[in-house]
There are 2 protein chains.
Amino acid sequence: MRIGTDDLLDIATGAAFLGTGGGGDPYVGWLLAMNAIEQHGMPTVVEVDALDDDAQVITIAMLGVPTVLGEKAACGDDVDLAVKRLEQRLGRAADALIGIEIGGVNSLLPVMAAARLGLPLIDADGMGRAFPELQMTTFNVGGVSSTPLAVVDDHLTSLVIDADDAKSAEDLVRVASVQLGCSVVLSSYPMSGSDVKRTAVRGTLTLARDLGRTLARGRREGDPVQMLVDYLHTTPYYNHCRILFDGKVRDIRRETKLGFSIGHCELAALDGSDSMMEIAFQNEHLIARQDGQVKALVPDLICLVDRETGEPIPVDGLKYGQRLKVIATSAAPIMRTPDSLAVFGPQAFGLDEPFVPLEDICD
Amino acid sequence: MRIGTDDLLDIATGAAFLGTGGGGDPYVGWLLAMNAIEQHGMPTVVEVDALDDDAQVITIAMLGVPTVLGEKAACGDDVDLAVKRLEQRLGRAADALIGIEIGGVNSLLPVMAAARLGLPLIDADGMGRAFPELQMTTFNVGGVSSTPLAVVDDHLTSLVIDADDAKSAEDLVRVASVQLGCSVVLSSYPMSGSDVKRTAVRGTLTLARDLGRTLARGRREGDPVQMLVDYLHTTPYYNHCRILFDGKVRDIRRETKLGFSIGHCELAALDGSDSMMEIAFQNEHLIARQDGQVKALVPDLICLVDRETGEPIPVDGLKYGQRLKVIATSAAPIMRTPDSLAVFGPQAFGLDEPFVPLEDICD
């Protein structure tokens with residue numbers, strides 16, 4: 001895959017959708033990537049199968065409260081230092097970068113990092129969406145250790161962490177991120193090329209780009225939401241897809257707690273009925289209930305888009321009175337296995353409802 | 001200075017006094033040191049002046065809530081790993097260890113570490129007492145960086161931190177220590193031999209030992225508290241010394257908050273008067289007020305001892321009805337400079353009262 005600067009805005013738009021409400025503002029990622037590319041040139045994007053099995057791959061991402069990620073974006077030196085500290089700990093230089101998630105700012109932060117560091121970027125990630133916690137990746141489900149990892153803040157304070165398991169690492173990174181101002185750069189999940197081949201969700205940069213392209217064309221040609229849904233049906237992961245609800249935001253509660261943006265949003269139907277939909281989130285949308293009945297839940301994707309333009313609306317962009325459509329899609333099959341559901345299924349978020357694939361939920 | 005196993009219990013007793021209520025139970029440090037010495041032999045103790053100017057010196061300590069330090073003591077592997085991680089980050093092996101504080105468990109933890117690692121231990125520390133926070137050292141006052149530092153917990157989870165200043169490092173280590181269960185091993189303040197010569201409080205292992213010896217002799221010969229005071233008058237640092245109060249514990253409030261043991265204790269006079277003394281603490285005793293009038297305050301030492309046996313009573317050993325004497329002594333002159341007071345004087349603990357040396361406070 002070759003990407004040009006024209007593609008970056010499409011990736012940002014696609015990543016806003018795949019961010020399912022969280023992941024930080026991808027427009028910030030776009031600014032960071034464009035700036036890095038102006039100085040260092042466009043990085044090479046490689047497919048998973050092109051990797052050497054013993055290549056040293058590491059992830060690069062921002063972690064924190066989505067609202068703060070946009071206010072305290074990575075400056076570049078923090079990205080360089082995070083990679084350097086992890087390489088020091090590994091005693092080995094990185095051969096390639098991979099995104100931890102394709103949703104939100106973390107879709108394009110790896111483009112920025114790859115440009116700055118002159119490293120190839122892999123067209124894949126560890127979830128094919130966004131999730132709030134570090135252990136919630138297919139890498140972890142596949143037995144790749146999240147540590148050693150490096151965390152760097154905007155003052156270039158750095159931490160290098162080694163932990164037994166990804167949840168312990170998450171707990172530690174989270175309290176550190178709160179202490180460091182709720183926005184940090186993170187380089188983690190050092191893995192081999194064969195680990196990537198075994199565990200990554202493939203082709204997601206391309207998917208995000210094509211998703212963004214589809215929305216852009218839809219806005220020019222009319223009915224972007226329907227074009228988006230039609231496109232999703234053709235994808236390998238998001239092919240089970242439906243518009244769950246067409247409504248107006250009538251209540252929104254959000255609080256920044258334990259380093260997350262936690263709350264829920266209520267939509268009233270626009271069809272004149274009394275129907276309502278409630279969506280709960282922890283950075284990302286977790287579950288959509290219509291009149292008390294579950295319509296979609298993690299790890300399937302629940303996305304809110306402007307009902308006219310199809311623009312994805314993140315949790316921190318929700319406002320009273322907005323007119324939105326709720327779109328749900330299936331997650332990649334690798335995300336719906338029992339092992340995966342144990343790490344990022346509904347119960348991992350404290351929900352009581354068992355996971356049911358979107359396509360098996362009756363109207 | 002040569003120390004033998006007989007000396008270790010004396011050091012533990014002396015360190016309990018110099019811990020001024022905090023620093024964790026030195027008996028735990030004694031057990032750890034004895035165990036390490038049985039397996040690895042007695043370490044060499046060297047004087048500050050014997051150090052090469054360019055020797056690589058590092059500190060080793062436990063950090064956390066004093067009560068928890070006694071319950072979750074260092075296992076040894078954590079000590080080894082903390083030193084190893086710091087050495088990896090420095091790219092250089094340590095030539096010698098130094099204590100960060102001489103109060104409490106951290107008086108003897110470096111003996112344990114020196115025995116395990118086969119490194120010489122320096123007869124000095126960074127405060128000549130105990131303090132609750134990482135930045136509160138003469139090393140920091142003298143411009144030595146507290147980082148890079150390594151933190152290790154009982155599951156051998158490790159963090160290596162680089163920060164701009166010792167207070168930022170403290171804030172980060174503190175939230176990490178709470179997340180890791182309120183008791184961690186810490187290797188920090190990498191410095192040169194000449195840094196040690198310039199900034200350390202010298203001879204404090206010897207002082208702690210002699211203080212413990214004096215108490216032991218006092219218990220055999222009678223009037224240990226008076227013998228202790230007589231001995232302190234002969235020391236280079238603690239020579240301003242007085243018994244502030246003779247009383248009975250009538251109230252004690254303690255809470256574990258933000259990773260510290262915070263509270264205060266009230267003593268009623270035993271001389272039949274209505275007089276009372278209140279002592280506030282954050283791990284260590286901070287200020288003693290008699291009937292509302294300040295009698296001693298940090299960084300001078302405020303110590304509670306059993307009025308009969310002279311046994312130092314730590315904050316977490318305080319109980320209603322205990323009969324105690326309150327002894328205050330001067331801190332080392334290097335601890336009372338304006339630069340030092342800015343880092344660990346009364347205002348650094350949120351107290352309003354300005355520092356007045358013990359010897360200048362009128363009865």
Side-chain angles (χ1 to χ4, degrees), chain A residues 63-64 75 77-78 80-92 133-135 145-188 190 257-260, chain B residues 63-64 75 77-78 80-92 133-135 145-188 190 257-260:
Chain A
L63 177 143
C75 66
D77 289 343
D78 42 10
D80 300 352
L81 184 60
V83 171
K84 181 179 155 195
R85 286 271 183 266
L86 182 55
E87 288 178 333
Q88 280 177 333
R89 172 70 190 86
L90 294 170
R92 185 174 171 188
E133 300 185 16
L134 179 60
Q135 79 278 12
S145 173
S146 68
T147 68
L149 62 79
V151 171
V152 175
D153 79 352
D154 53 339
H155 298 286
L156 302 184
T157 303
S158 70
L159 289 87
V160 175
I161 294 174
D162 281 79
D164 270 352
D165 63 277
K167 181 64 171 71
S168 301
E170 154 68 23
D171 291 343
L172 204 45
V173 168
R174 192 65 50 179
V175 296
S177 79
V178 172
Q179 178 60 37
L180 295 172
C182 293
S183 169
V184 294
V185 172
L186 170 73
S187 187
S188 62
K257 198 162 70 174
L258 305 171
F260 298 109
Chain B
L63 177 142
C75 67
D77 290 343
D78 43 10
D80 300 352
L81 184 60
V83 170
K84 181 180 156 193
R85 286 271 184 267
L86 183 54
E87 289 177 333
Q88 279 176 335
R89 172 71 190 87
L90 294 170
R92 185 174 172 188
E133 299 185 17
L134 180 60
Q135 78 279 13
S145 172
S146 68
T147 68
L149 63 77
V151 171
V152 176
D153 80 350
D154 52 339
H155 299 286
L156 302 183
T157 303
S158 70
L159 289 88
V160 175
I161 295 174
D162 281 79
D164 271 351
D165 62 277
K167 180 65 169 72
S168 302
E170 155 67 23
D171 290 343
L172 205 46
V173 169
R174 193 64 51 182
V175 296
S177 78
V178 173
Q179 179 60 38
L180 295 172
C182 294
S183 169
V184 294
V185 171
L186 169 74
S187 187
S188 62
K257 198 162 71 174
L258 306 171
F260 298 109

Members of residues 162-171 of chain A whose heavy atoms come closer than 4.5 Å to chain B
D162(A), A163(A), D164(A), D171(A)
So if I take each residue of residues 81-90 of chain A and look for any heavy atom under 4.5 Å from a heavy atom in chain B, which residues do I end up with?
R85(A), Q88(A), R89(A)
From the options V173(B), V160(B), L172(B), select the one residue that forms a side-chain contact (heavy atoms from CB on, under 4.5 Å) with L159(A).
L172(B)
With D153(A) via side chain to side chain donor-acceptor pair (under 3.5 Å) - residues at least two apart:
T157(A)
In residues 177-188 of chain B, which residues are in contact with chain A at a heavy-atom separation under 4.5 Å?
Q179(B), L180(B)
First locate atom CD1 of I161(B), then atom CD1 of I161(A), and finally report the distance between them rounded to the nearest 0.5 Å.
8.0 Å
